[in-house]
Amino acid sequence: MKNIFFDICSIPLFLMIIWICISRKMTKGNVNRLFLAMTVVSLLCAVADLSIEFFVTPLPLSQGKVLAATLLSYFYLVVRNSSIAVLFLFMLSLTHTTELIAKRWTKAAFCMPYLITLLTLIQNIVTDNVFTVTAAAGYARGPMMMVLYAMAAIYGIAGFGYCIICRSYLSGGKWVSLVSMFVLVYLSVAIQYFRPDLLVEMFCTAVGNMMIMLTVMRPEERMDSDVGMLSWSSYQTDLRNILRSGERVQILVIRMLNCREIRTYLGDHKYNQYLAEIAREIRSLNWRHHHRIELYFERPGTIYLIVDAAETGAEDFGARLLEETGERIRQYAEMGVRFEPRVCLIHCPEDLNSASDIISLGHKFQKIDKRKQITFRASEIVHSRTFAIEARMEEILERAIKEARIEMYYQPIYDVHSGCFHSAEALARIDDPEFGIISPSIFIPAAETLGLIVPIGNAVLEQVFRFVSEHDLRALGLSYIELNLSVAQCMQSSLPETLRTLQEKYGVDPGQINLEITETTFENISEVMLENVNELISMGYSFALDDYGIGYSSIQRVNHLPLKLIKIDKSMLDEISSTNGRMILEHTVRMMQSINKQLVVEGAETADEVDVLERMDCDYIQGFYFSKPLPETLFLQFIEAHNGRSTA
Ligand code: C2E
Ligand code: MG
Ligand code: MG
């Protein structure tokens, strides 16, 4: 009598794993599918093994039981040997090295042991030399059973060897689990070979699978189950493995431009459902076009698709996505939710071969390539100067701080009523030895995310205070210099102290400095910031709200804040060619003036624009029409020439 209890215990274990896979939506993507296949195949083996035991006892067997046990034994052996081959495929997929069996001959070599298994079983129908089931003796193994063991051993040994070779593809814990899984399975096969009455193979396989589920698959790490896509951390791991293995793939980065707005509008739960629908759309779009894909999601709204390098049609994927979106997305459109994707196509490793560069490009492609289009190609971006700067930003910023390479430029601001230049905005530049002058629109956001904005901001403060102390602004006809503060600077409780120290060091009157803050600063308003603003005002500084008109401008907020000046963003001026755009600007000017705020309109480039603004009677204009931001000496020359006065 065989011990069937191990087999019985393995069944709930396999069912549990399958349930976890399905409930955590771990059914998409190759690795998930292969793991699920491995578990289902093993479950079938365990059920077949148990059923065979049921039919072969007690002896002698009826004809019906002989037939049932024979058929089940064939089924068991066919499926059992395939499960070891699937384990090997799982290993290849996990390490992104499926390319190894992509060629015809490697594919043939991979299939050969399994083909031999099938042929051996087929010839058993007439020879009975693998196994027999007879009424008198029940189930008995024949000498050719060794061939089946040998074929399974080929996959097992190759898989184990491969697991050892691929040590660097997996983190330490995951690798140990995989090796342990192999050891456990071998041990159980050896035990069952020498003690056929102990049916431990399937139980050990179930324990091994559970171990892989908990340590390698880690559903909570691998899947973003709220949206039914693989997680951001899976993207990073898979990307690194793809690059290490040299596999050629195409990556499509789909950034949803308005994701934050949609999330605010729909709420978190509905937003997740919306994303899950988009994922379904993308999958069905791909299936219609026969693509093999993996789908990953990075919050708040970026989807990554990894497809085979050989797949065609990736170039126009963005356009197709918009054209062919189905019913479910249209329902959201009717609710006012607009799907606005920007897609970047990256060929790996041709365009980029470092994971950090690929990740960084995915985050910034539309900031680097400012063209208004849906699909961007990495090949057109990666050779640009901006991309090279972005890729080495941390190094550039650290060098700029260490070697004092931050330079201030000054852009004059024109006073419509006096016809002179009344103030100027200080704008930072980095003068890098390798890349030359670098724009703040590139390095300020990077300094904010890299945590370097405070030292950069301090260098700016130092230079502006020095400039103001060295030149008599009043003699130049200038009332003050505008200085941009970033959110991080405003949040620093030491900000008033920093300014007080500089003020004393350079003997500067605070009335000569106007501090510019942006609307986003007010969105993140904190206790510290309000205290800072109030203290700085009591010290004599004034504040301006920069970039009014982009984002969510609230007139209520403007009214309640102690602002002296409002700076209207260039984007509002860009709209004045349309009647509505012109009306909006005109009414904004009126409204600001009616609540006693002074107004600067930014970005005037043409005489027509200046003319319109003068007729609207706005207070100040800043723009390339008058002058671009200029280095210190050129700025002084410009002001002397135009205001007709000179430095005292
Ligand atoms: P901003 O504070 O809104 O500065 C105005 C920007 O508009 C400047 O860009 C200026 O060169 C540009 N501009 C002015 N007139 C025109 C025009 O007629 N046409 C066009 N196309 N552009 C015009 P810049 O110098 O590249 O600065 C970009 C942004 O970087 C600034 O926007 C500001 O937000 C930030 N920034 C610059 N310097 C600093 C700084 O010292 N500290 C902080 N925290 N941010 C800074
Ligand atoms: Mg500004
Ligand atoms: Mg601005």
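Every number for a ligand or one of its atoms is a count from 1 in the order of the listing.
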(request) Say whether R429, considering both its backbone and side-chain N or O atoms, lies within less than 3.5 Å of an N or O atom on ligand 1. (result)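 It does: an N or O of R429 is found under 3.5 Å from an N or O of ligand 1.
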(request) Using distance alone, decide if ligand 1 has a nitrogen or oxygen within less than 3.5 Å of any nitrogen or oxygen in I444. (result) no
(request) Taking the Mg ion (ligand 3) as the reference point, name the nearest N/O/S atom of D546. (result)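 That would be atom OD1.
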(message) Regarding T518, does it place an N, O or S atom less than 2.8 Å from the Mg ion (ligand 2)?
(response) no
(message) With a cut-off of 2.8 Å, does E482 put an N/O/S atom close enough to the Mg ion (ligand 2)?
(response)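 No - counting backbone and side chain alike, E482 has no N, O or S atom under 2.8 Å.
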(request) Just give me the atom name: the N, O or S atom of E425 closest to the Mg ion (ligand 2). (result) OE2
(message) For N/O/S atoms only: which one belongs to E516 and is nearest the Mg ion (ligand 2)?
(response)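 The E516 atom nearest to the Mg ion (ligand 2), restricting to N, O or S, is OE1.
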(message) If you take the nearest heavy atom of each of V487, L483, N484, which one is closest to atom 46 (C) of ligand 1?
(response)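 Ranked by closest heavy atom to atom 46 (C) of ligand 1, first place is N484.
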(message) If you take the nearest heavy atom of each of F626, Y625, F624, F443, which one is closest to atom 18 (O) of ligand 1?
(response) F624
(message) Working to 10°, measure the angle at the Mg ion (ligand 3) formed by atom OD1 of D547 and atom OE1 of E602.
(response) 110°
If we set the cut-off at 4.0 Å for heavy atoms, which region of [X] has an atom near ligand 1: side chain, backbone, both, or neither?
X	result
Q411	side chain
K567	neither
L427	both

(request) Starting at NE2 of H587, measure out to CG of L585 and round the result to the nearest 0.5 Å. (result) 11.0 Å
(request) Could you tell me which non-hydrogen atom of S571 sits nearest to which non-hydrogen atom of E575, and how far apart they are? (result)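 Taking every non-hydrogen atom into account, O-CG, 3.4 Å.
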